[in-house]
Amino acid sequence: MSNNISQTERLISYIDGDMGDAEKILLQQQLQADKAMQQELDNLLLATDVVKNYGLSNRVANIHTKMMNEMAATSTQQKAIVRSLPKLFMKYAAVIILLVGMFGLYQYFAVSADKLYSEQYSAYTLTTSRGNETLPAIEQAYSEKKYNEVIAAFKQQRDASVKENFVAGQAYLAEANYADAINCFKTVLAKNSSTHTGLLSDDSEYYLALSYLKNNETAEALPLFKKIHNNKEHLYNSKVSAWFLRKLQLLSWKQ
């Protein structure tokens with residue numbers, strides 16, 4: 001690739017998958033070191049997702065067809081083509097840019113923590129082993145959606161277990177007590193880290209990210225959601241799409 005090719009063109013090649021492995025690795029290193037470059041990449045990805053998710057691809061295709069028809073209509077007069085091509089391309093490029101810009105602005109003003117949370121949240125369902133006839137009191141109360149009883153029982157624990165913290169976090173989340181939900185999910189992750197175990201770690205990361213989001217702590221939620229999205233083995237990987245991340249990035253800029 002020529003050294004004269006602009007940064008934007010390189011980023012577009014990166015998005016389109018047209019880069020070789022060595023050049024891709026170099027660009028990724030540059031992105032980590034250059035925040036402005038990363039910002040431009042995020043903007044390009046957002047524009048790409050707007051086109052894909054809001055049907056702009058069909059509109060752009062229609063504009064392209066119309067442009068080609070206008071070019072064909074003047075094909076009998078070569079001089080007229082030469083004179084009209086620059087204006088023709090500028091005309092339709094402006095329309096495409098306007099369409100993308102309008103949907104980008106719409107997303108910017110429409111995105112909110114509440115909307116993104118509603119898209120992602122679903123109540124956690126506890127799983128039980130076969131043959132278990134009775135559940136611990138906290139788990140039984142949670143399964144019956146008696147969230148206040150869960151919280152009351154949790155508060156009586158001196159050294160709550162990983163699962164008790166997790167269930168309490170879910171109860172706090174259901175009761176819209178996001179700060180305490182955050183503390184519970186963070187405790188689960190801290191306990192697992194200290195004991196080198198992973199009980200409910202993926203679940204806790206996802207619901208911790210949701211708790212941050214609903215608590216208007218987007219700066220804390222974003223890296224967690226990115227981590228989940230980038231880890232194909234994560235239990236919640238399929239729930240965190242690239243489009244969701246773009247909207248979450250918009251929200252962080254908005255805040």
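Please read all numbers here as calculations on a predicted model, not as lab measurements.
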Which pair of heavy atoms, one from [X] and one from [Y], lies closest together, and at what distance?
| X | Y | value |
| --- | --- | --- |
| C184 | A168 | SG-CB, 4.0 Å |
| N237 | N231 | ND2-O, 3.1 Å |
| P223 | A219 | CD-O, 3.1 Å |

Quick check on the hydrophobic clustering: are [X] and [Y] connected, directly or via other members, by side-chain heavy-atom contacts under 4.5 Å?
| X | Y | answer |
| --- | --- | --- |
| M19 | I25 | no |
| F154 | L199 | yes |
| L26 | Y14 | no |
| Y207 | L126 | yes |

Can you tell me how far the [atom1] atom of [X] sits from the [atom2] atom of [Y], to the nearest 0.5 Å?
| X | Y | atom1 | atom2 | value |
| --- | --- | --- | --- | --- |
| D203 | Y124 | CG | OH | 4.0 Å |
| E220 | S252 | CD | OG | 12.5 Å |
| D180 | I151 | CG | CD1 | 8.0 Å |
| S201 | L208 | OG | CG | 11.5 Å |
| L245 | K247 | CG | NZ | 10.5 Å |
| W253 | L250 | CH2 | CG | 5.5 Å |

Considering only heavy atoms from C-beta outward, does the side chain of [X] approach that of [Y] to under 4.5 Å?
| X | Y | answer |
| --- | --- | --- |
| K191 | D159 | yes |
| S204 | F166 | yes |
| K214 | L116 | no |
| V167 | K163 | yes |
| F185 | L189 | no |
| I15 | L41 | yes |
| L173 | Y121 | yes |
| L213 | L248 | yes |

Is there a donor-acceptor pair under 3.5 Å between the side chain of [X] and the backbone N or O of [Y]?
| X | Y | answer |
| --- | --- | --- |
| S193 | A190 | no |
| N165 | A160 | yes |
| D202 | H234 | no |
| Q120 | K239 | yes |
| E164 | S161 | yes |
| N230 | K226 | yes |
| H229 | V240 | yes |

| query | Does a donor on one side chain sit under 3.5 Å from an acceptor on the other, for E217 and N215? | reply |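 Checked: E217/N215 side chains pair up, N/O donor to acceptor below 3.5 Å.
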| message | side-chain hydrogen bond (donor to acceptor under 3.5 Å, both in side chains) for Q32 and Q28? Distances and angles first, verdict last. | response | CA-CA 6 Å; Q32 291 177 355; Q28 289 170 342; over 6 Å; no
| For Y178 and Y172, what are the C-alpha separation, side-chain angles and deciding distance, and is it a ring-ring contact (aromatic ring centres under 6.0 Å, His included)? | CA-CA 7 Å; Y178 307 114; Y172 280 126; over 10 Å; no
| query | For Y206 and I228, what are the C-alpha separation, side-chain angles and deciding distance, and is it a side-chain contact (heavy atoms from CB on, under 4.5 Å)? | reply | CA-CA 8 Å; Y206 181 72; I228 294 169; 4.1 Å; yes
| query | Which of these passes side chain to side chain contact (heavy atoms under 4.5 Å, CB included) with L27: Q30, K24, E23, Q29? | reply |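 With L27 as partner, Q30, K24, E23, Q29 yield a single side chain to side chain contact (heavy atoms under 4.5 Å, CB included), made by Q30.
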